[in-house]
Amino acid sequence: MRAPNPQTSFAIDHNGSIAVVFALGFAVVAAFAGLAIDYGNASHYKTALQSIADRAVMAAAASPLPNVADRVAIARTTLQTALTLELPKTAEGAVVSAELSGGGIHVRITAHVRGYVSPVIGIDAMDVSVDATATSQHVGRALDIAMCIDATGSMQFLINGVISRALGFYGNLNSELVGRGLPEFDLIRVRPIFFRDFDGNVRYNAADGWLVDKFPLGWQVRPASVPTNNGDDVPLRAATGFFKLPFEETLFADFVQPEVESGGGDYTESGLECLNEAMNSPWLKVGDPITAVSGDVAASSVMSVVAIWSDENAHEPSHAFSLDNPNYPADTVMPRDYAGLAAKWSDPAVIPQANKLLVHFYPNGLPQSGIAPTDPTSGWAPILAWDKYMRGGALDDGVTHMIEKIADAVATMPVSSTPVLTN
């Protein structure tokens, strides 16, 4: 018998071939299985990162802080805190960004997730990125401004300046707010009140240079020491309510444009009476229905502002000659002392307290505090200590920088908003 050839026998022997194929196939299957596990792990991380990113933008969009930069900072802080607590290993190598994008707060997280099997085949880590964007819907923001404007002699420049800027108030103020990263107002309401003096009735007679009675047969008070009356025929002219801007700009213009300076003469005016009338305004409250540019909505936040322009001191509330005027407001309307005026300013039934402001424009050195209450220059002094009182600057500031001054105050106003996730 011939002995078998070993080489031929090996070539035709199939024993164990399945084991070899299985071993080779198992390695491939195991690699794919490992990659699937790694990709599944990366997908799990991506879901967790997306949740963190969503929470960060929602927290930023819901923040009451008015400035966009502050809300972006909240997004970054929320991201870093959540990553550190929930995904500490990922947090070490994560790249986090938060910014304003398209009117909303945008967040991106990029992380390198290390796998279990993928490093064996040369894939050290998988890059995972998530994005989230949320916007703040500031629907129903309203601003009420009652304007007390000194309309006595030599004040025509003030009357004209305040009126011209108030006519474009809605668009100009909202543009200023947007430029500062602040939300716009859906509705701005303005109530103009022009004040002079309840003290008497006079006009300036250019013929002989003397102050003479405008209504010589009407009400007069002429103390022996005063040769002429020192009051005005229209001591207070107020709109019955607020004009809604931008919807009632024509009505507003019709009311304010005919105003012409007149009166004065004794320097001290009925400014406190104007302040009182301003406080008595029909202020909006949160929840009240309003007609906004976007449609009829409920007021979600309201700012209530009294702005005063005065170039002289004010009579005290109990000024005797003013009280003699038969047209002077009753004591149920106009308090007879400073305590009564201050109580109205602090009464939520009179004016909303959350976002109120009293801004006063007057020449340097006018209201003097710490002086005798009987001093004629002390008329404005007590209100300087009122809550939310702010000097806006001189009269020129109140004319040329009125928009900026109001925007400064709005910047301190908390933002009431509804956050909406848009990604």
(request) Would you give the length of the straight line joining atom OG of Ser322 to atom OH of Tyr328, rounded to the nearest 0.5 angstrom? (result) 5.5 Å
(message) My understanding is that only residues two or more places apart in sequence, or in another chain, count here; which of them pass ring-ring contact (aromatic ring centres under 6.0 Å, His included) with Phe194?
(response) none
(request) Applying salt bridge (Lys or Arg N to Asp or Glu O under 4.0 Å), name anything that partners Glu404, two or more places apart in sequence or on another chain. (result) none
(request) For residues Ala75 and Val107, report the shortest heavy-atom separation together with the two atoms involved. (result) CB-CG2, 4.1 Å
(message) Just so I know, are the side chains of Leu143 and Leu187 near enough to count as touching, which here means a heavy-atom distance under 4.5 Å?
(response) no
(request) Without swapping roles, check the side chain of Ser164 against the backbone of Gly161 for a donor-acceptor pair under 3.5 Å. (result) yes
(request) Decide yes or no on side chain to side chain contact (heavy atoms under 4.5 Å, CB included) for Leu49 and Leu83, but give the supporting numbers first. (result) CA-CA 8 Å; Leu49 289 175; Leu83 285 172; 3.5 Å; yes
(request) May I ask you to test the Leu357-Met390 pair for a side-chain heavy-atom distance under 4.5 Å? (result) yes
(message) Could you work out, with side chain to side chain contact (heavy atoms under 4.5 Å, CB included) as the rule, every residue matching Ala239, not counting sequence neighbours?
(response) Arg191, Pro192, Phe243, Phe255
(message) Run the side-chain hydrogen bond (donor to acceptor under 3.5 Å, both in side chains) test against Lys285 and tell me which residues pass, sequence neighbours left out.
(response) none
(request) For residues Gly271 and Ala314, report the shortest heavy-atom separation together with the two atoms involved. (result) N-CB, 4.1 Å
(request) Flag the pair Leu341 / Pro317 as yes when at least one side-chain heavy-atom distance between them is below 4.5 Å, and no otherwise. (result) yes
(request) Determine whether Met334 and Glu273 make a side-chain contact, defined as any pair of heavy atoms from C-beta on separated by less than 4.5 Å. (result) yes
(message) Any heavy-atom pair between the side chains of Ile105 and Thr133 that's under 4.5 Å?
(response) no
(message) Please list all pairs meeting salt bridge (charged side-chain N to carboxylate O under 4.0 Å, His left out) that have one or both residues in residues 249-264, counting only residues at least two apart or in different chains.
(response) Arg196-Glu259, Arg237-Glu259
(request) Ignoring hydrogens and angles, tell me if any N or O in the side chain of Asn276 forms a donor-acceptor pair with the backbone of Val333 under 3.5 Å. (result) yes
(request) With sequence neighbours left out, write down each residue that passes side chain to side chain contact (heavy atoms under 4.5 Å, CB included) with Pro289, or none if nothing qualifies. (result) none
(request) Quick one: closest heavy-atom pair of Ala53 and Leu79, and the distance? (result) CA-CD2, 3.9 Å
(message) Applying salt bridge (charged side-chain N to carboxylate O under 4.0 Å, His left out) as the test, list every pair that has at least one member in residues 144-162; sequence neighbours left out.
(response) Asp144-Arg189
(message) Between Trp309 (side chain only) and Gly398 (backbone N and O only), is there a donor and an acceptor less than 3.5 Å apart?
(response) yes
(message) Applying side chain to side chain donor-acceptor pair (under 3.5 Å) to Lys344 and Asn280, what does each step give before you reach the verdict?
(response) CA-CA 9 Å; Lys344 291 183 71 169; Asn280 291 337; 2.6 Å; yes
(request) Could you list the residues that satisfy side chain to side chain contact (heavy atoms under 4.5 Å, CB included) with Thr291, not counting sequence neighbours? (result) Phe247, Asp296
(request) Could you tell me whether the side chain of Met155 reaches within less than 4.5 Å of the side chain of Asp311, counting heavy atoms only? (result) yes
(request) Could you tell me the separation between the CE atom of Met147 and the OG atom of Ser281, rounded to the nearest 0.5 Å? (result) 12.0 Å
(message) I'd like to check the side chain to side chain contact (heavy atoms under 4.5 Å, CB included) partners of Ala343; sequence neighbours left out, ordered by chain and number.
(response) none
(request) Using modelled atom types only, decide if a donor and an acceptor are shared between the side chain of Lys405 and the backbone of Gly392 within a distance under 3.5 Å. (result) yes
(request) Would you please name every residue forming a salt bridge (Lys or Arg N to Asp or Glu O under 4.0 Å) with Lys356, sequence neighbours left out? (result) Asp387
Tabulate below the donor-acceptor pairs under 3.5 Å that side-chain atoms of residues 167-176 make, not counting sequence neighbours, or state none.
unit_1	atom_1	unit_2	atom_2	d
Tyr170	OH	Phe185	O	3.4
Asn172	ND2	Gly168	O	3.0
Asn174	OD1	Phe185	N	2.8
Asn174	ND2	Phe185	O	3.2
Ser175	OG	Gly171	O	2.9
Glu176	OE2	Arg180	NE	3.0
Glu176	OE2	Arg180	NH2	3.1

(request) Step by step, work out the side chain to side chain contact (heavy atoms under 4.5 Å, CB included) result for Leu158 and Ile149. (result) CA-CA 8 Å; Leu158 172 65; Ile149 306 167; 4.3 Å; yes
(message) Applying salt bridge (Lys or Arg N to Asp or Glu O under 4.0 Å), can you list everything that pairs with Arg108, at least two apart in sequence or on another chain?
(response) Asp131
(request) Write down the atom of Gln50, the atom of Ala132, and the distance for their closest heavy-atom approach. (result) NE2-CB, 4.0 Å
(request) State the CD1-CE distance between Ile145 and Met402, to the nearest 0.5 angstrom. (result) 7.5 Å
(message) Check whether Tyr338 reaches the backbone of Gly379 with its side chain - one donor and one acceptor, N or O, closer than 3.5 Å.
(response) yes
(message) To check you understand the geometry: which heavy-atom pair defines the closest contact between Leu177 and Pro183, and what is its length?
(response) CD1-O, 3.6 Å
(request) Report the distance from atom CD of Glu269 to atom SG of Cys148, rounding to the nearest 0.5 Å. (result) 13.0 Å
(request) Start with the C-alpha gap between Ile308 and Leu275, add the side-chain angles, then the distance that decides, and say whether side chain to side chain contact (heavy atoms under 4.5 Å, CB included) holds. (result) CA-CA 8 Å; Ile308 303 174; Leu275 169 59; 4.1 Å; yes
(request) Compute the ring centroids of Phe242 and Trp283, then answer whether they are less than 6.0 Å apart. (result) yes
(message) Is any side-chain heavy atom of Lys388 closer than 4.5 Å to one of Leu358?
(response) no
(message) Taking the ring of His360 and the ring of Trp380, is the distance between their centroids below 6.0 Å?
(response) yes
(request) Grab the two heavy atoms, one from Ser270 and one from Asp197, that are nearest each other, plus how far apart they are. (result) OG-OD1, 3.2 Å
(request) May I ask you to decide whether Glu86 forms a salt bridge with Arg55, counting only side-chain N to carboxylate O separations under 4.0 Å? (result) yes
(request) State, with a plain yes or no, whether a side-chain heavy atom of Thr152 is found less than 4.5 Å away from one of Glu312. (result) no
(request) Measure the spacing between CG of Asp331 and OG of Ser318 and express it to the nearest 0.5 Å. (result) 12.5 Å
(request) Find the distance between CG (Leu272) and CZ (Phe195) and round it off to the nearest 0.5 Å. (result) 9.0 Å
(request) Please lay out, stage by stage, how Val359 and Arg391 fare under the test side chain to side chain contact (heavy atoms under 4.5 Å, CB included). (result) CA-CA 6 Å; Val359 56; Arg391 188 194 176 193; over 6 Å; no
